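Presented below is the structure to which this report refers.
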2 protein chains.
Amino acid sequence: MSIQRCCPPKRVIRADYSGEAALFQALADEHRLAILASLAQTDGEICVCDFTDQLPLNQPTVSHHLRILHESGLVTSARRGTWVYYKLAPDAKRRLQQSLRGLFDGRATVA
Amino acid sequence: MSIQRCCPPKRVIRADYSGEAALFQALADEHRLAILASLAQTDGEICVCDFTDQLPLNQPTVSHHLRILHESGLVTSARRGTWVYYKLAPDAKRRLQQSLRGLFDGRATVA
DNA sequence: CGGTAATATCGAAAAATGTCGATACAGCGA
DNA sequence: TCGCTGTATCGACATTTTTCGATATTACCG
């Protein structure tokens with residue numbers, strides 16, 4: 001027999017998903033998810049001190065996770081006096097939902 | 001002055017998000033996202049050979065990413081003859097959407 | 001200005017991850 | 001059975017990630 005193929009070859013998407021990957025990477029840690037959920041389910045903002053008090057992590061580690069969430073654009077921060085407060089970015093939920101939709105439905109996503 | 005607080009302390013969620021974190025971790029790689037998007041936007045299944053042909057990755061690396069997606073439950077696989085075909089798990093989209101909703105709205109998620 | 005408290009950054013260590021060459025395994029065809 | 005092809009696994013390496021102690025920075029207060 002001649003050369004055999006498995007099937008008519010299907011096209012594999014070769015778009016650049018690095019933006020979406022970075023976004024989901026921000027969600028790929030249980031403590032960051034707890035932080036995000038706390039921010040999402042609270043009215044307004046939360047003081048960093050509340051996270052350092054109540055999470056099972058040391059202060060530099062909390063600061064590290066907050067920085068990653070901040071760099072992903074999912075949260076914003078504001079200093080008032082000695083304290084720093086974080087809150088959910090207004091478009092956080094929408095960005096994540098759009099990224100999911102982009103994956104499944106092929107829409108353009110800005111990630 | 002007496003001891004000063006930043007504010008009435010806000011409660012930080014301390015639920016276990018390790019399941020959701022593992023799920024999002026599966027999405028935290030651009031090549032896995034390309035694989036998932038290809039599966040989601042194609043009718044049916046895709047042969048592993050199409051991925052190894054068209055992705056800029058060597059065959060063991062493709063196999064590695066497919067394994068991670070499979071272990072997360074987002075895809076299923078079936079061997080037919082020499083070839084192995086992957087397809088999107090029926091509940092993949094729903095699980096991800098539910099995990100997002102669990103984060104933002106506090107619903108229970110099975111992840 | 002000096003002291004104290006909250007937060008961020010630095011540096012290091014351990015663990016996890018992405019990648020690939022080499023190899024093993026599975027199924028087909030001659 | 002033998003050889004070939006597609007896929008998975010193994011072992012190694014480089015990079016990234018998570019964590020934390022130590023230290024720096026910022027702001028308040030006396």
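The structure presented is a predicted model; accordingly, all values stated were derived computationally and were not measured. Throughout, protein chains are lettered first and strands after them, A, B, ... in sequence-line order, and every chain is numbered starting at 1.
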(request) For A:Arg80, check salt bridge (charged side-chain N to carboxylate O under 4.0 Å, His left out) against everything at least two apart and list the hits. (result) A:Glu45
(request) For A:Gln59, enumerate each residue passing the side chain to side chain contact (heavy atoms under 4.5 Å, CB included) test, keeping only those at least two apart in sequence or located in another chain. (result) A:Thr52, A:Ser63
(request) Establish, with yes or no, whether the OP1 or OP2 oxygen of C:dT9 is under 4.0 angstrom from a side-chain nitrogen or oxygen of A:Arg67. (result) yes
(request) Rounded to 10°, tell me the angle between the two end axes of the helix from C:dC1-D:dG30 to C:dA30-D:dT1, each built from five pairs. (result) 10°
(message) Considering only residues two or more places apart or on different chains, which pairs with a residue in residues 54-76 of chain A satisfy salt bridge (Lys or Arg N to Asp or Glu O under 4.0 Å)?
(response) A:Arg67-A:Glu71
(request) Scan A:Tyr86 against the nucleic acid and name what it touches under 4.0 Å (heavy atoms): base, sugar-phosphate only, or nothing. (result) sugar-phosphate
(request) Ignoring backbone atoms, test whether A:Thr82 places a side-chain nitrogen or oxygen under 4.0 Å from the OP1 or OP2 oxygen of C:dA6. (result) no
So which protein nitrogen or oxygen atoms get under 3.5 Å of nucleotides 13-21 of chain D's nitrogens or oxygens?
unit_1	atom_1	unit_2	atom_2	d
D:dT18	OP1	A:Arg32	NH2	3.1
D:dT18	OP2	A:Arg32	NH1	3.2
D:dT19	OP2	A:His65	NE2	2.5
D:dC20	OP2	A:Asn58	N	3.1
D:dC20	OP2	A:Thr61	OG1	3.1
D:dG21	OP2	A:Asn58	ND2	2.4

(request) Round to the nearest Å and state the distance from A:Trp83 atom CH2 to C:dA5 atom C1'. (result) 8 Å
(message) Test of understanding: with side chain to side chain donor-acceptor pair (under 3.5 Å), list the residues that count as partners of B:Ser18, not counting sequence neighbours.
(response) B:Asp16
(request) Please report, rounded to the nearest Å, how far the C1' atom of C:dA8 is from the CG atom of A:Leu69. (result) 15 Å
(request) Figure out the CD/C1' separation between B:Gln59 and C:dA24, and round it to whole Å. (result) 12 Å
(request) Please report, rounded to the nearest Å, how far the C1' atom of C:dA8 is from the CD atom of A:Glu71. (result) 12 Å
(message) Just to verify, what does B:Pro9 make a side chain to side chain contact (heavy atoms under 4.5 Å, CB included) with, not counting sequence neighbours?
(response) A:Asp50, B:Arg5
(request) Please list, chain by chain and in numerical order, all residues satisfying side chain to side chain donor-acceptor pair (under 3.5 Å) with A:Lys93, sequence neighbours excluded. (result) B:Asp105
(request) For B:Phe51, answer base if it contacts any base atom (sugar-phosphate contacts may also be present), sugar-phosphate if it contacts only those atoms, and nothing otherwise; contact means non-hydrogen atoms under 4.0 Å. (result) nothing
(message) Applying side chain to side chain donor-acceptor pair (under 3.5 Å) as the test, list every pair that has at least one member in residues 29-42 of chain B; sequence neighbours left out.
(response) B:Arg32-B:His65
(message) Tell me the interatomic distance from A:Asp53, atom CG, to C:dT7, atom C1', rounded to whole angstroms.
(response) 13 Å
